[in-house]
Engineer: 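Before I ask anything, here is the structure I am working with.
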Amino acid sequence: MAGEGDKRKRFISATAANYFGLDPAGGAAAVAAGLHSRPELTNFLDDGNEFLLVVQHSGTQLTASNKIEATNSKNNVLVFFKLRPDVITEDNLHSNILVSSMLDSPINTLYQAVRQVFAPVLLKDERWSKTLDPKLQKLLSELEAGLSTVLRRSDPNYTGTKFSEDDVRAILTPTDEFQFWIECAHHGSKWCSKERAAHFKDLFEDIAKDYYNLDSLSLFEVVDLVETTKDTVDGVWRQTEHDPYPQPRMHNLLDVIGGSLGRYIQRKLAALNLWEDAFHSVKENLKAGILICEQWVSACEYLTGQLWQRYTLHPWKNEKYFPESLAKLGKRLDEVLTVRTLHEKLTFFLPAGEQNALHLAQVFEPFAGLNPVHYNPYTEPLWKAAVSQYERIIAPAEQKIASKLKKFISEIQDSPQQLLQTFQKYKELIKHPNISKELLFERETLLARLQDYVKDYQTDFETRCHGVPGDVSGPLSGKNLSEVVNNIVWVRQLELKVDDAIKLAQALLSDLPGFQAFHQSADSLLEQLKVYEQEHFDDWSRNIQSELSNPKSGLCIQASSPVMELDHVFGTLNILYSDRLVTLLREVRQLSALGFAIPAKIQHVANTAQKFCKQAVILKQVAHFYNSIDQQMIESQKPMMLQSALAFEQIIKHSKSGPGGKAQITWDNPRDLEAYIQKLQAAAERLSSENRKLRKWHTNFIEKVISLMNIDLLRQQQRWKDGLQDLRTVFATLESQAGCHYHIANCEH
């Protein structure tokens, strides 16, 4: 064929065939031949004025064009373009043609090219940055930022496609998502109000700064960040103030957070020599990395597989989200830790002479040239081969270790607690096949002990589960916990113990004949404990929802209801925010933290109560002061405090707001309520201060009168007169200040 001998056309067609993944055995030659005959290809090669060749894969053929056209097609585009206006020859084929692919949209392709290729080279590479004018450097930075903003807004004028809030093409990192809401809060849009965007921006604020400066945090700080992130995304998903957060957007956010955490862990651990650095340092860092992976995987599974699926106001639909790449990275790190731990235990058990004889110093040689933290499907076969070679090297050492462990365990097997601790301590060694086989009898002993433990837990549960917390035959009790929370915490602790026993058995005993029976009985108890826990929560939910329909329960707070009332029969001030409501708030907070999905009706009441909790606490303090102030006053001083007491009482009796003070102050009127609380606190403080001052003077007078009574009138008459004059002077001062009379007749007689 005409094009077969043209090296230029073969270059173009081969590049396109490789890019579009055409199988050489599946007709790629015929497709390439079709491209060779296209006049657009000939124009590009033979016409110095034709700068552009655009190739697309359409059906069974490659199409060519000499211009890029705006289209809604999602097909990838491969673009060949010239550096100079020359005819393409075999000599300039590789020096005058640039090749670029275009995915999705032109603006996205340009943004990624600037961000990933040109900005790093031109701004960070010293060779190029020093030759680039600072103004141009600034323009390049602004171009990157501007393209990013346009993509996040996904303006149809730029992308050529209709935008929805589910569009997350430009969200590649958590920071991109946070920036998206910051920009929406600033500019607003047709699909999202500024208020809604500002609300999401505020919710993300707790973690945005940490993700922006992720590399400056230690692995241990990021462990805490994962927990905060879980709470933050949960708050975003379950917020009810505005329209819900779209599921595709949340799915992408969970994904990019996992990706960001994985890359962060790889960067941090790359700074260590995992095979040669001190074991303690390597172990702590690997454990932190594993914990980050496990916590985020667990958080995603729990939120999207349980909590959000049960959240009726905004349920998570379809399958739960599982961050597979992060889970596999965590598994790889765990394997690295196992290898290092095993080596450490071997060197601990074997004296230096035996170590040298067994060549333990060379055990890590199979891993030379491998970066263990770079997990992907392509590195996995190499990693497995290295681990297999490593295990062959340490096999002789394992035989020696097994005999030493056997002897050690025989000395402590009569102490179940010590036996359990030993197996926990040397778990990494014992689970290796060679050692595990040698310790068959010892492992059977451990299984028997674990069976006894599970039976004891079962008996303890059945004995206590129907009792009252704190009683001898009831659940163990904790501090500041209501009965429902206490019982759930107690049973959770039992669950953890049973779960620990199951995990140890799975790690070390799964090959033993009695393992399945043990696993079934332990699982059965675990299920029993979970049913107990769920039943207590369900009972609590039913009781609370029943109370919500009873106006006298103290739980029926309305935003428009008055904040307090004065009991005219007993003269007491009552704040219309019951102690039962305070308890409910604490229960909702604690049960949520324990992972329960609070029914929407209860959550709504708790949210309403939470808004007014701070003001209610202050008002309750003021009410307590008002209701008990007469008991704190000295009877003879009450007339002196009458003016301040009446002023305080007037504020309480006239708790009105609005023009003319006609409307009652309600919870949903924060400005008037705050002003009223300040007025109340000021009046209470004046009364309290005056009472303290008068009580102090009263004590002072008692001391002075006692002092006068101890004076001998015959011998110390002048001293008596001076003391009496001193009293009169103080009384006169107090009378002028208070406008009342404080009688001292008894003092004069």
Engineer: Taking side chain as C-beta onward, heavy atoms only, is P469 less than 4.5 Å from W490?
Structural biologist: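 Of all side-chain heavy-atom pairs linking W490 with P469, none is under 4.5 Å.
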
Engineer: Counting only heavy atoms not in H604, do more than 12 sit closer than 6.0 Å to its NE2 atom?
Structural biologist: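 Count not over threshold, so no.
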
Engineer: Answer yes if the side chains of Q534 and D538 hold a donor-acceptor pair under 3.5 Å, and no otherwise.
Structural biologist: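 A donor-acceptor contact under 3.5 Å links the two side chains.
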
Engineer: Got a donor-acceptor contact below 3.5 angstrom from the S260 side chain to the V256 backbone?
Structural biologist: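 The answer is no, because no donor-acceptor pair under 3.5 Å joins these two groups.
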
Engineer: Can you confirm if the NZ or CZ of R238 lies within 45° of the ring axis of Y311 and under 6.0 Å from the centre of its six-membered ring?
Structural biologist: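 Satisfied, under 6.0 Å and within 45°.
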
Engineer: For a quick test of reading the model, state the closest non-hydrogen atom pair linking P475 to N486 and the distance between them.
Structural biologist: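 In this case the closest contact between P475 and N486 is CB-ND2, 4.3 Å.
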
Engineer: Apply the test side-chain contact (heavy atoms from CB on, under 4.5 Å) to residues C293 and L329: give CA-CA distance (whole Å), side-chain angles for both, the deciding distance (0.1 Å), then the verdict.
Structural biologist: CA-CA 7 Å; C293 295; L329 174 62; 4.3 Å; yes

Engineer: Between N285 and D277, is there a side-chain heavy-atom distance shorter than 4.5 Å?
Structural biologist: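 Side-chain contact under 4.5 Å: no.
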
Engineer: Between Q451 and V454, is there a donor-acceptor pair closer than 3.5 Å when you use the side chain of the first and the backbone of the second?
Structural biologist: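 A pair under 3.5 Å: no.
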
Engineer: Can you tell me if Q295 uses its side chain to pair, donor with acceptor, with the backbone of V226 under 3.5 Å?
Structural biologist: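 Flag not set: sc Q295 to bb V226 has no pair under 3.5 Å.
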
Engineer: Aromatic contact between Y532 and F461, with the criterion being ring centroids under 6.0 Å apart: yes or no?
Structural biologist: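 When the ring centroids of Y532 and F461 are compared, they turn out to be within the sub-6.0 Å range.
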
Engineer: Using side-chain heavy atoms (C-beta onward) and a distance below 4.5 Å, is E495 in contact with Y457?
Structural biologist: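 Counting from C-beta outward, E495 and Y457 never come under 4.5 Å.
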
Engineer: Start with the C-alpha distance between Y321 and M250, add both sets of side-chain angles, then the distance that settles side-chain contact (heavy atoms from CB on, under 4.5 Å), and finish with yes or no.
Structural biologist: CA-CA 10 Å; Y321 166 70; M250 180 58 78; over 6 Å; no

Engineer: Between L274 and P372, is there a side-chain heavy-atom distance shorter than 4.5 Å?
Structural biologist: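 Touching, per the 4.5 Å side-chain cut-off.
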
Engineer: Check L203 against T232 and note the closest heavy-atom contact, atom names and distance.
Structural biologist: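 Shortest heavy-atom separation between L203 and T232 comes out as O-CG2, 3.2 Å.
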
Engineer: Taking atom types as modelled, is there a side-chain donor on D215 or Y264 under 3.5 Å from an acceptor on the other?
Structural biologist: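 Result is no, nothing qualifies.
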
Engineer: One pair to check against side-chain contact (heavy atoms from CB on, under 4.5 Å): V282 and L269. What are the steps and the verdict?
Structural biologist: CA-CA 9 Å; V282 170; L269 294 180; over 6 Å; no

Engineer: I'd like to know if the side chain of R310 reaches the main chain of P315, judged simply by a donor and an acceptor atom lying under 3.5 Å from each other, with no hydrogens or angles considered.
Structural biologist: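 Side chain of R310 to backbone of P315: no pair is present.
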
Engineer: Which value, rounded to the nearest 0.5 Å, describes the distance between L219 atom CG and L225 atom CG?
Structural biologist: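 It comes to 11.5 Å.
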
Engineer: Can you confirm whether L419 sits close enough to F423 that some side-chain heavy atom of one is under 4.5 Å from a side-chain heavy atom of the other?
Structural biologist: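 Yes - at least one pair of side-chain heavy atoms lies under 4.5 Å apart.
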
Engineer: From R586 CZ over to L481 CG, what is the distance, rounded to the nearest 0.5 angstrom?
Structural biologist: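 Here the interatomic distance stands at 8.5 Å.
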
Engineer: T341 versus F279: any side-chain heavy-atom pair under 4.5 Å?
Structural biologist: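 Side chain of T341 against side chain of F279, heavy atoms only: contact under 4.5 Å found.
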
Engineer: One pair to check against side-chain contact (heavy atoms from CB on, under 4.5 Å): L291 and V223. What are the steps and the verdict?
Structural biologist: CA-CA 7 Å; L291 191 55; V223 170; 3.6 Å; yes

Engineer: Salt bridge or not for K283 and E344, using N-O below 4.0 Å?
Structural biologist: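 No, K283 and E344 are not salt-bridged.
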
Engineer: Does the distance from a Lys or Arg side-chain N to an Asp or Glu carboxylate O, for R542 and D539, drop under 4.0 Å?
Structural biologist: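 Salt bridge present between R542 and D539.
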
Engineer: Nearest 0.5 Å, please: how far is NE2 in H199 from CG in D243?
Structural biologist: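 Those atoms lie 11.0 Å apart.
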
Engineer: Keeping the roles fixed (side chain from R263, backbone from G259), state whether a donor-acceptor pair exists under 3.5 Å.
Structural biologist: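 Here the side-chain-to-backbone pair exists.
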
Engineer: Charged N to carboxylate O below 4.0 Å: is that the case for D234 and K230?
Structural biologist: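 Between K230 and D234 there is no salt bridge, as every charged N stays at least 4.0 Å from the carboxylate O atoms.
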
Engineer: Does a donor on one side chain sit under 3.5 Å from an acceptor on the other, for Q306 and E301?
Structural biologist: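 Not at all, the side chains of Q306 and E301 share no donor-acceptor pair under 3.5 Å.
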
Engineer: F322 and A327: which non-hydrogen atoms are nearest, and at how many Å?
Structural biologist: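 That would be CZ-CB, 3.5 Å.
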
Engineer: Can you confirm whether L342 sits close enough to L429 that some side-chain heavy atom of one is under 4.5 Å from a side-chain heavy atom of the other?
Structural biologist: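 Contact flag for L342/L429 side chains = yes.
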
Engineer: Tell me if the NZ atom of K431 is crowded by more than 12 foreign heavy atoms within 6.0 Å.
Structural biologist: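 Buried by this count: over 12 neighbours within 6.0 Å.
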
Engineer: Give the ring-plane orientation class for W308 versus W237, where under 30° counts as parallel, over 60° as perpendicular and anything between as tilted.
Structural biologist: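 Parallel: the ring planes of W308 and W237 meet at under 30°.
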
Engineer: We want to know whether Q458 and E462 form a side-chain donor-acceptor pair, criterion being a heavy-atom distance below 3.5 angstrom.
Structural biologist: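 Present: a donor and an acceptor within the cut-off.
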
Engineer: Closest approach of G289 and I265, non-hydrogen atoms and distance?
Structural biologist: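 That would be O-CD1, 3.6 Å.
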
Engineer: Determine yes or no for a side-chain-to-main-chain donor-acceptor pair under 3.5 angstrom, with S549 supplying the side chain and S546 the backbone.
Structural biologist: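 Between the backbone of S546 and the side chain of S549 there is a qualifying donor-acceptor contact (under 3.5 Å).
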
Engineer: Around E324, counting heavy atoms of other residues, nucleotides and ligands shown, do more than 12 lie under 6.0 Å from its CD?
Structural biologist: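 No, not enclosed.
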
Engineer: Any luck finding a side-chain donor-acceptor pair between D523 and H519 under 3.5 Å?
Structural biologist: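 H519 and D523 do have a side-chain donor-acceptor pair below 3.5 Å.
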
Engineer: Short question: side chain of S216, backbone of N213 - any donor-acceptor pair under 3.5 Å?
Structural biologist: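 Here the side-chain-to-backbone pair exists.
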
Engineer: Which value, rounded to the nearest 0.5 Å, describes the distance between Q528 atom CD and E533 atom CD?
Structural biologist: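 It is 13.0 Å, given to the nearest 0.5 Å.
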
Engineer: Say whether, by atom type as modelled, one donor and one acceptor occur between the side chain of Y302 and the main chain of G595 under 3.5 angstrom.
Structural biologist: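 Confirmed, Y302 side chain pairs with G595 backbone.
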
Engineer: So among E587, Q545, E547, which one has a side chain to side chain contact (heavy atoms under 4.5 Å, CB included) with I602?
Structural biologist: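 Single side chain to side chain contact (heavy atoms under 4.5 Å, CB included) partner of I602 among E587, Q545, E547: Q545.
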
Engineer: Once rounded to the nearest 0.5 Å, what's the spacing between atom OG1 of T459 and atom CZ of R464?
Structural biologist: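 The OG1 atom of T459 sits 12.0 Å away from the CZ atom of R464.
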
Engineer: Charged N to carboxylate O under 4.0 angstrom, R196 versus E241?
Structural biologist: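 Answer for the salt bridge query: no.
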
Engineer: Any idea which heavy atoms bring I598 and Q603 closest together, and the distance?
Structural biologist: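 In terms of heavy atoms, the two residues are closest at CB-OE1, 3.4 Å.
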
Engineer: Taking all non-hydrogen atoms of both residues, which atom of R332 and which atom of Y375 are closest, and how far apart?
Structural biologist: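 For R332 versus Y375, the nearest heavy atoms are NH2-CD1, 3.5 Å.
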
Engineer: Taking atom types as modelled, is there a side-chain donor on Y211 or T229 under 3.5 Å from an acceptor on the other?
Structural biologist: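 Checked: Y211/T229 side chains pair up, N/O donor to acceptor below 3.5 Å.
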
Engineer: Supply the atom-to-atom distance K320 NZ to N318 CG, rounded to the nearest 0.5 angstrom.
Structural biologist: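 The distance works out to 14.0 Å.
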
Engineer: Side chains of N607 and Q610, heavy atoms from C-beta outward: is any pair under 4.5 Å?
Structural biologist: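 A side-chain contact is absent here, since even the closest heavy-atom pair is not under 4.5 Å.
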
